[in-house]
Amino acid sequence: IPMAEAAMARPPLADGFVRYVGEPLAVVIAESERQAVDAAESVDYEIEPTQAVAEAGAALAGMHNIFADLPDNIVYSKSTEVGNRSEWPVEVSLEFRHPRLAPSPIEGLAVTAAPEDGSLTIWCSHQAPHNLHRQLTSLLDLEGDLRIRVPNVGGAFGSKGPLYPEYVVVATAALRLNRPVSWVERRSEHMTGGAHGRGQQARITLAGDHDGSFGRITVEVLADTGAYPHHAALVPFATHFMATGAYRFEEVDVTTNVVATNTAPTGPYRGAGRPEACFAIERAVDTFARAIDMDPAEVRRKNVITAGQMPHTTPTGAIYDGGDYRRALDTALELAGESAVRAEQKSPGEQASNPIGLGMALAVDRAGGGSVELGEFGAVSVETNGSITVRTGSTSSGQGHETVWSRLCAAAFDVPASRVTVLSGDTAEVAEGGGTYGSRSTQTGAAAVWRTAERVEAAARSLAACRLEANPEDLRTTGDGAYEVVGSPGSALTLADLAAAAAAEGEPLADQEYFVPGAQTFPYAAQVAVVEVDRETGEVSVRRFVSVDDCGTILDPMIVDGQIRGALAQGFGQALYEAFVYRDDGQPESGSLADYLLPTAADMPEVVLDRLETPAPSNPLGVKGIGETGAVGAPAAIVNAVIDALAPYGVESIDMPLTPARVWTALDGVKPPA
């Protein structure tokens with residue numbers, strides 16, 4: 001994608017211009033926090049105010065260029081047009097905004113750099129230590145080695161994958177002072193200066209026939225990357241890539257413009273472009289169904305890509321690898337009690353003054369990262385004490401990698417999982433790695449471990465067969481790390497015996513690989529929300545939420561359910577609660593959790609989960625990603641449900657988040673339907 005990103009490079013500290021509130025100006029180093037705060041107050045600087053552009057539309061119009069030496073604020077533009085622009089009897093259009101979201105992990109950004117004899121060790125709360133290693137190696141003047149270590153990470157959600165300027169400043173300061181230097185981000189700093197999510201607006205037009213058939217989709221995306229493109233420049237491309245969702249279209253016209261503004265940089269946040277795409281198409285489908293007076297579920301059934309049409313290549317180039325969207329939708333509607341909800345809508349009880357609604361969304365996700373060439377490192381070695389060590393380039397920030405990876409390896413060797421140690425997040429221990437983002441870890445990292453473990457186990461079995469003078473197929477495992485000849489229980493050789501023998505011969509029982517699947521996977525979910533809207537206050541209550549997911553082969557049901565519920569919570573937050581707001585002059589109005597509302601456990605509705613399993617053909621485990629699909633579809637399902645409830649009152653659209661004030665305003669002055 002041609003981009004102006006290089007010309008919009010972000011300096012470690014503001015250089016000549018301050019382009020957003022929260023941009024670092026200077027660094028103060030002290031031996032205590034109190035000293036640092038006092039010293040920071042003595043920093044003298046002069047700032048001459050200039051015109052600010054805090055809104056993407058104004059930035060696109062060129063009202064003011066935030067980089068004076070560039071002709072405009074455009075980071076990149078992309079268009080995809082397929083098919084002829086035919087005339088269709090039914091055409092609906094709608095516009096909407098995705099508010100900026102502030103990723104709010106329990107732990108903010110944190111980094112410590114410790115130099116020793118020209119080398120440098122950095123501890124950092126990060127998602128991809130080897131990426132950080134490559135970036136800092138190219139930026140720092142190092143005499144010796146650089147080691148990146150990632151300890152336990154208190155959540156990430158995409159916000160801990162980028163290179164932040166503070167990392168470069170801390171590392172440089174440590175090298176210059178030859179002393180360890182640490183920086184721990186405060187919550188207010190994370191809110192105002194961290195990488196925000198979303199921040200897109202779109203216009204979508206869906207055209208088709210009165211029988212419910214889709215003909216053409218036109219999507220115009222305008223995305224805000226903030227003052228510097230950062231990692232966010234490619235997020236809108238994911239929106240562009242997934243614009244057609246779960247449906248067949250012969251005519252497609254998608255245009256994406258990405259611009260810079262005088263606001264904090266945006267970045268990847270759980271879903272990273274796919275929630276925006278899903279929201280556009282799913283809101284348009286409901287609007288189209290209402291225009292032709294047809295059941296929105298029937299419209300979806302008529303136009304959805306069927307299981308028999310898989311694999312399916314979309315007009316934007318996505319290759320959906322398999323699934324049954326229609327079956328997932330039917331299952332979700334049944335679990336949501338669609339018939340009962342529709343009956344209640346038609347015949348409300350005498351006391352039922354609050355409208356209820358049912359909304360649905362078919363959420364198709366893209367998992368595996370932004371390129372089919374991305375893979376992951378895995379290594380397996382049998383130690384001379386009989387234990388097994390796994391090294392993986394995947395770095396967990398709460399996903400449970402250690403549990404799944406150790407169980408996979410243990411299954412390959414038929415030993416207890418307690419015999420397996422998983423090492424990750426340390427560039428001195430793990431030779432290379434891609435990292436954890438884009439719901440890619442299991443299909444790349446776990447697959448690499450599984451493939452490598454199978455080869456090492458085969459080598460151990462072969463060595464045992466040679467020493468026991470038997471064929472490998474005549475051996476069986478005992479469940480505790482030993483091989484014996486079938487029918488000769490006294491002939492066992494343990495993994496410790498075999499590892500010692502292999503080491504003595506100079507060929508340890510170990511192997512490694514960088515596994516590249518060569519394809520992305522496309523997990524999906526059918527999600528249905530049932531809501532009630534309080535006409536007096538505008539409060540939206542989610543009565544029930546159903547998600548029927550297909551993430552391929554399931555390795556650990558509990559972890560899968562946890563990932564779905566976590567993603568749904570963030571999807572609920574986007575739909576109902578969260579918005580990071582700027583004034584026209586670029587001043588943030590959401591600088592703390594006192595004025596940025598997050599959902600809590602008490603706000604979570606009844607969630608019903610079910611699943612299908614369509615194995616992915618691109619990896620030996622048949623797995624797909626599961627970490628983001630909930631956040632992809634939940635906003636669309638909830639907003640569709642609210643509009644379904646309020647359509648009899650003439651309400652056609654409400655911008656997210658659907659706060660009580662916004663819903664009440666939409667209802668103010670309207671009369672209940674007769």
TODO: Count the heavy atoms of every other residue, nucleotide or ligand shown that sit under 6.0 Å from CG of L597, and state whether that count exceeds 12.
DONE: yes
Task: For T614, side-chain contact (heavy atoms from CB on, under 4.5 Å) partners two or more places apart - done: Y524, D550, K624
Open item on the list: Going by ring pair (Phe, Tyr, Trp, His ring centres under 6.0 Å), name the residues that satisfy it together with H98, two or more places apart in sequence or in a different chain.
Closed with: F96, F279
- [ ] Taking all heavy atoms of A453 and all of C409, pick out the closest pair and write down the distance.
- [x] CB-SG, 4.2 Å
Task: Set of side chain to side chain donor-acceptor pair (under 3.5 Å) partners for Q443, sequence neighbours left out - done: T521
- [ ] List in chain and number order the residues that pass side chain to side chain donor-acceptor pair (under 3.5 Å) with R203, two or more places apart in sequence or in another chain; answer none if no residue qualifies.
- [x] E95
TODO: Output every pair passing salt bridge (charged side-chain N to carboxylate O under 4.0 Å, His left out) with a member in residues 562-579, not counting sequence neighbours, ordered by first then second residue.
DONE: none
TODO: Could you tell me which residues satisfy side-chain contact (heavy atoms from CB on, under 4.5 Å) with P620, sequence neighbours excluded, listed by chain and number?
DONE: A447, W450, R451, F515
TODO: Please name all residues satisfying side-chain contact (heavy atoms from CB on, under 4.5 Å) with V560, sequence neighbours left out, ordered by chain then number.
DONE: C551, I554, I564, R611, I626
Task: Residues in ring pair (Phe, Tyr, Trp, His ring centres under 6.0 Å) contact with F545, at least two apart in sequence or another chain - done: F572
Open item on the list: I'd like to check the side chain to side chain donor-acceptor pair (under 3.5 Å) partners of S424; sequence neighbours left out, ordered by chain and number.
Closed with: none
Open item on the list: Taking side-chain contact (heavy atoms from CB on, under 4.5 Å) as the definition, give me every residue that meets it alongside R326, ordered by chain and number, with sequence neighbours left out.
Closed with: R301, V304, T306, D324, D330
TODO: Report the residues that fulfil ring pair (Phe, Tyr, Trp, His ring centres under 6.0 Å) with Y247, sequence neighbours left out, ordered by chain and then residue number.
DONE: F214
TODO: Sequence neighbours left out, what passes ring pair (Phe, Tyr, Trp, His ring centres under 6.0 Å) with F522? Give chain and number order.
DONE: Y320
